[in-house]
Amino acid sequence: MSLRRMSLPRTKSLLTSSVAVLAAAALTLTGCGSGSGDGGGKTKLSFFSWEDEATMKPLIEAFEKKNPSIDVEFSHAPPVAEYIAALQTRLVSGTGADVFVIAAENKTNLVQGGFVKDLTGKPFMANMSKFNTETWSVDGKAYGMSISSWSAGILYNKDLLTKAGVTEFPAKWDDFMALCQKLKSAGITPYMESVTGMPLTVAALVGHENARQGGDVDAQIFAGQKKFGDLWNGPLTTYNQLFTSGVMSKDVVGLKGEQVVDEFANGRVAMIAAGPWDVTTLREKAPKMNMVFAGVPTPDGKPFWGGAASPGWAINAKTEHEKEAEAFLTFLGSKEGVTLFNQKTAAMTTTSDVTPVIDKVLEPNLQALKDGNFYLPQVAWPRVQDALNTEAVAQLQLMVQGQAKPADVAAALDNRLAQG
Amino acid sequence: MTALGRRAPALTGALSWLTSPKTLEGLRLQAFLVPIGIVFAVLFAIPLAQSLYFSVTDFNGYSLDVNFVGLENYRKIFTDPSMLAGLGFTLLYAIGTTVIVTVLAIPLAVLLNKRFFGRNVVRAVFFFPAIPSIAILGLVWGFILSPLGSGAINWLLDAVGGFGPVPWLSDGTLAQLSVIVVAVWSSTGWHAILYLAYLQSIPGDYYEAARVDGASPRQSFFRITLPLLAPAITVSSLLLMTGGLKVYDLPYTLTKGGPGYATFTITQSIIQSGIAQAKFGQASALAVVFMLVVGAIVAVQLVLSRRLEDRVS
């Protein structure tokens, strides 16, 4: 169907005014303003964060102390959908904050819409890890400053494994399946992972296959040179063994992540797929548990992890306070800023001059980040991330229930990509 | 006589009509409609016009340079299997909850209308599920209906009958059933209180006369109570049907629309396409189609209810 341009001034005006109404409503929801005017002799720099105020307050206070002429106006919406929606309405109505978060879910739209400044070559970017910067880059230009990453793998209860006679966690998938069968025979539920979102086990297995095929298969799929089946069929067949062999209950399609963590904390399951965010909860619920992280075993014995660079901070392309926004990012990426962020969030920061203080159990995860052995499809996909993720989860649930084959999942992803 | 001279009586007449106490009173009364008119325009008419406009464009929520795409968005929604699945469950949910809640709420209201010890406490207990946010109820019921053996209901089934665990939320059909059951649980008490209000307006003389004439309690219910509750049934079922068609929070918090697309709803699809996937045009087209479907269903329901009211009155 032919497209007819409609970018008339009146059309824009109607859109702008209508979106402004929405933005006003969004502002009342977030309970904050986004003005960036000058007041009281200070420059007001608006900052729209998806970390909450308790997390960001110490950083903002330290920044304001160092920059007494700048007053940071903080506003917040929780990730992901609520944040994306609020930012979207604010940007399109021209009331976007000077500094905000760029995430996998809005990266393409922010860059294509010209809402974010090119940060390539800025002095504060020198300190960032190459991987993090590449994650928030498009066509070689960096649009976000990301100071941390995360990786998730299999968290196991060492005591339960020892009880079943296992002394070493396997690296090969077949050995992992044998371990699961051994645990099952001993009356212990071997492995559990919620399938109400993208399973980390799948992310790790697909990531391993992607690395095996050269590391740029997603780019080839989106360029039309390959199909999803070329990358996903093998890992999904491997993953599906968990269900066809009865090692993992099909009920995981109806379980939330926190229910799985509860099962693990209460010693009812030996292994779960988990990330750094689960460690704090488990330390509270099961302080005496002897737990260990390991990468997801793979067919060739090279464990892989689910993971990605954390969302980045971006500067509004239309900011009137570019200098102040850059000063803020400079502070956030500085040794002091990163240390404060690590203290507040226990995040695995990846800047060159700070060694993050993390829970001892997360050391293998940090090593995986250093080795680059992690992958997350939603971040690797250059566009249509949410639609593909929704489709993948729905199809995986059908596969787990035996209503779809691994090839069906990949074919559904191809169809979804074709729909755009 | 000049033209002005001929018009003078007419102008005077119009002026006197305009300043007459009756007209002024009418205008004063009309003025009370202005606030609701503004609310209607801002919250309904303008968004509706926007949705209609967006539905024929490729507006993505970010770029103001929009292109006219004709009916392309409408074609896409009718070829998307997830949206069709969403429509199927939405209709099942709306019809299921409307029928079951109505069937349960009326006898419950009759029961709560009787005099017995602790009646007010019992009324409060039944009304309680309507108070907490549906999202919170969804989270709590997620644990109660957990398909694991440690889930509350499965634990009970095992302790009492030694069977289970039942895959309440991990089997497509059972997940649909579970969502509807939780919705019925949370709505029945509220609708029973609505029926109770109507019940209390039925004169006791009718029942007295029926008893004197030898009518059984069953006959009293079907010949007096139910017919006189017809207006309440119209209101209650209309609220249930419109609420059911727009449902989002309960299925989302319980199952996120799964397994597969078993409990996926139209509203979830609209929100997901419009916000998370930046397909405002497509989401608007779905919203327009959905509005027409809801309008048609509610219109049919109203006509049937009115006919029923006429028949029984």
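Chain letters run A, B, ... following the sequence lines, proteins first and then strands; every chain starts at 1. Note: hydrogens, waters and symmetry copies are ignored here, and every other heavy atom, side chains too, is used.
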Could you pull out the closest heavy-atom pair between B/P147 and A/L255, with the gap in Å? CD-CD2, 3.8 Å
Heavy-atom closest pair, residues A/K250 and B/S170: O-CB, 4.0 Å
Looking only at heavy atoms, which two atoms of A/T390 and B/Y261 are closest? And how far apart? O-OH, 4.2 Å
Is a side-chain N or O of A/Q419 found less than 3.5 angstrom from the main chain of B/K76, in a donor-acceptor match? no
If one checks every heavy atom of A/D262 against chain B at 4.5 Å, the contacting part turns out to be side chain
Provide the closest heavy-atom pair for A/F115 versus B/Y62 in the form atom of the first, atom of the second, distance. CZ-O, 3.3 Å
Interface residues of residues 376-388 of chain A facing chain B - heavy atom cut-off under 4.5 Å: A/D386, A/A387
Relative to chain A, which of B/L148, B/T79, B/N60 shows the most heavy atom pairs under 4.5 Å? B/L148
Pairs of donor and acceptor atoms involving the side chains of residues 87-96 of chain B, under 3.5 Å and at least two apart or interchain, shall be tabulated with distances.
from: B/T90; atom 1: OG1; to: B/G86; atom 2: O; distance (Å): 2.6
from: B/T90; atom 1: OG1; to: B/I266; atom 2: N; distance (Å): 3.0

Selection from B/K256, B/Q282, B/Q272 maximising heavy-atom pairs under 4.5 Å formed with chain A: B/Q272
Part of A/E391 lying under 4.5 Å from any heavy atom of chain B: both
If you count heavy-atom pairs within less than 4.5 Å of chain B, which of A/Q112, A/Q403, A/M399, A/E263 leads? A/E263
Nearest heavy-atom pair of B/L139 and A/K256: which atoms, and what distance? CD2-CE, 4.3 Å
Does any heavy atom of chain A fall under 4.5 Å from the side chain of B/L254, the backbone, both, or neither of them? backbone
Closest-packed option against chain A by number of heavy-atom pairs under 4.5 Å, given B/G172, B/G61, B/P47, B/G142: B/G61
Look at atom OH of B/Y252 and say whether more than 12 heavy atoms of other residues, nucleotides or ligands are closer to it than 6.0 Å. no
I need the residue from B/A175, B/P167, B/G257, B/S150 with the largest number of non-hydrogen atom pairs under 4.5 Å to chain A. B/S150
For the CD atom of A/Q397 and the OG1 atom of B/T255, what is their distance to the nearest 0.5 Å? 8.5 Å
Report the residue from A/T196, A/V253, A/V195, A/V393 that forms a side-chain contact (heavy atoms from CB on, under 4.5 Å) with B/P259. A/V253
If I measure from the heavy atoms of chain B, does A/M192 come under 4.5 Å with its side chain, its backbone, both, or neither? side chain
Heavy-atom distance under 4.5 Å to chain A: side chain of B/S178, backbone, both or neither? neither
